[in-house]
Number of protein chains: 2
Amino acid sequence: MPTARERVRAELTTEIADAARRQLAEVGAAALSLRAVAREVGMASSAVYRYFPSRDDLLTRLIIDGYDAIGAAVEAADDTAAPPEERWSAVCSAVRDWARAHPHEYALLYGSPVPGYVAPRDTVPAASRVGIVLGRILGDAARAGRLTGDGGGREPGLLGDAAVEVLGQGHPAVDDAVRVRALLAWSALFGTVSFELFGQLVGSVEDGDRYFALVTAELARLVGFRPA
Amino acid sequence: MPTARERVRAELTTEIADAARRQLAEVGAAALSLRAVAREVGMASSAVYRYFPSRDDLLTRLIIDGYDAIGAAVEAADDTAAPPEERWSAVCSAVRDWARAHPHEYALLYGSPVPGYVAPRDTVPAASRVGIVLGRILGDAARAGRLTGDGGGREPGLLGDAAVEVLGQGHPAVDDAVRVRALLAWSALFGTVSFELFGQLVGSVEDGDRYFALVTAELARLVGFRPA
DNA sequence: ACTCGAACGAGAGCACCGCTCTCGTCGAGA
DNA sequence: TCTCGACGAGAGCGGTGCTCTCGTTCGAGT
């Protein structure tokens, strides 16, 4: 059971993180100032260091929270009773919607890493949640016979254990070629969202919604989902 | 003809930009310090402002130079005499190689935009070079009958004029569905490179070279290139 | 119940940053 | 030759991350 001191410490820690998240949403990660956060919560800047050893640690907290937030949004959007194609497009839309609602947080998660900053191991589980949802859709589709597989096999040394475990595990309809296509679809999804968010498609795409719908359908075809 | 004064001014401008590029390669964009650049070229920091009105203008110069550099690399890698599939994979590899050789520059170009920074119009032509090469490959393939098109048509309001002009123009084998797939392949290419560079694929992909080769082949299939 | 040490908040200070202003110099065109 | 603009240097302003020191306060062990 936590003592009173630990409780108020935890409260203050989340209060600082919340203020930091508000500032992140306003000015972005690179302009996030620990001193301004301290001002917002009414502390001396030096006092914040009792709770976060450095600005990078504060950012790490925001990164983990961000991965958890987009992971939760994606999980909530995945209706496991729906057919794979619909689940796939729902998950894609959830990613895009979350990114558009939280552009600075998205940039912090999937944009250029802050220079000199290396993600601690703590971020890995939270960061995996989106990929795990995709893997679950893939696995369910394979079990339901809704996945067009090559029926090939493993290509040793190509993929890591994490990818194999998440993507289909040992199901015969999911070989390494399918896994590569799934990773490609995942990368393409985030590439598309990033391009839209970072303005790389300005002048080329007029109707972002329609374009994105076509892209998700194309990616579903690539992964191998097929209608019942 | 430029006066001596203009000449030495231009020289000093590029010398500052070169020093900034060196520092960019070392510490990244967010940590790029105008004062440090000034120290490297042996000036007072205030003197640099005679050549670049602000740090953002210096970054803009680096961005334009970066787009030109990756554009030149891609153009050099495109052998117009080769079959479309080979040209496509060569261009993809050129993008990846340039990105791995200049990670901080790549992050500056295709990562999160520096907060508060909006790309001036000057950057657009340089930024378009890579896309133009892709469009040229697509158009050549269509003219040579090496492109599997839907034979559909335009979808008004979906794509911008820039995309239509660069991607296939009016060739019947290139309709808007093909253009969407080309844009998707373009986004997927940069999504893949970004994920590799920013560490999002750590643990999932062991052999980056083989994975990338498979990805480019898959994307070529997606775009519709077919062997002779 | 008391004590002692750890946790805490505040303040001053260091080195650095982007940027502005002023001032002396120097050189090219009128 | 004179003049005015371009130039470089320096000081300075407000901001940053981070450290150190100093009282205070609170809680756990005796």
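Within every chain, numbering begins at 1; the chains are lettered A, B, ... in the order of the sequence lines, protein sequences first and strands thereafter.
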So which one's nearest nucleotide on DNA chain D is more toward 5', B/Tyr51 or A/Ala36?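 Taking each residue's closest nucleotide, the earlier one in sequence belongs to B/Tyr51.
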Closest-nucleotide ordering on DNA chain C, the 5'-leading residue of A/Arg35 and B/Arg35: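 With B/Arg35 and A/Arg35 compared, the 5'-side residue is A/Arg35.
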Tell me: [atom1] of [X] to [atom2] of [N], nearest whole Å?
| X | N | atom1 | atom2 | result |
| --- | --- | --- | --- | --- |
| B/Arg50 | C/dT20 | CZ | C1' | 11 Å |
| B/Glu40 | C/dC17 | CD | P | 13 Å |
| B/Arg39 | C/dG18 | CZ | C1' | 13 Å |
| B/Arg9 | C/dA28 | CZ | C1' | 16 Å |

Rounded to the nearest 0.5 Å, what's the gap from CD1 on A/Ile132 to CD1 on A/Ile137? Could you check? 12.5 Å
Working to the nearest 0.5 angstrom, can you tell me the gap between B/Gln200 CD and B/Thr192 OG1?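 With rounding to 0.5 Å, CD (B/Gln200) is 12.0 Å from OG1 (B/Thr192).
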NA contact type, [X], heavy-atom cut-off 4.0 Å: base, sugar-phosphate, or nothing?
| X | answer |
| --- | --- |
| B/Leu32 | sugar-phosphate |
| A/Phe52 | nothing |
| B/Arg5 | base |
| A/Leu12 | sugar-phosphate |

Side-chain (A/Arg181) to main-chain (A/Leu219) donor-acceptor, under 3.5 angstrom: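 Pair absent, no side-chain N/O of A/Arg181 close to backbone of A/Leu219.
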For DNA chain D, note the earliest and the latest nucleotide, 5' to 3', having some atom under 4.0 Å of a heavy atom belonging to chain A. D/dT16 to D/dA28
Quick one: do B/Asp79 and B/Arg87 satisfy salt bridge (Lys or Arg N to Asp or Glu O under 4.0 Å)? Show the steps, please. CA-CA 6 Å; B/Asp79 171 17; B/Arg87 292 174 68 185; over 6 Å; no
I want to know whether B/Phe195 and B/Phe190 have ring centres closer than 6.0 Å. no
Tell me the closest heavy-atom pair linking A/Arg21 and A/Leu62, and the distance in Å.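 The pair with the smallest heavy-atom distance is NH1-CD2, 3.7 Å.
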Any side-chain N or O of A/Tyr49 under 4.0 Å from OP1/OP2 of C/dC8? no
Should B/Ser46 be listed as having a side-chain N or O under 4.0 Å from OP1 or OP2 of C/dC19? no
A/Asp209 atom CG, neighbour heavy-atom count above 12 within 6.0 Å: yes
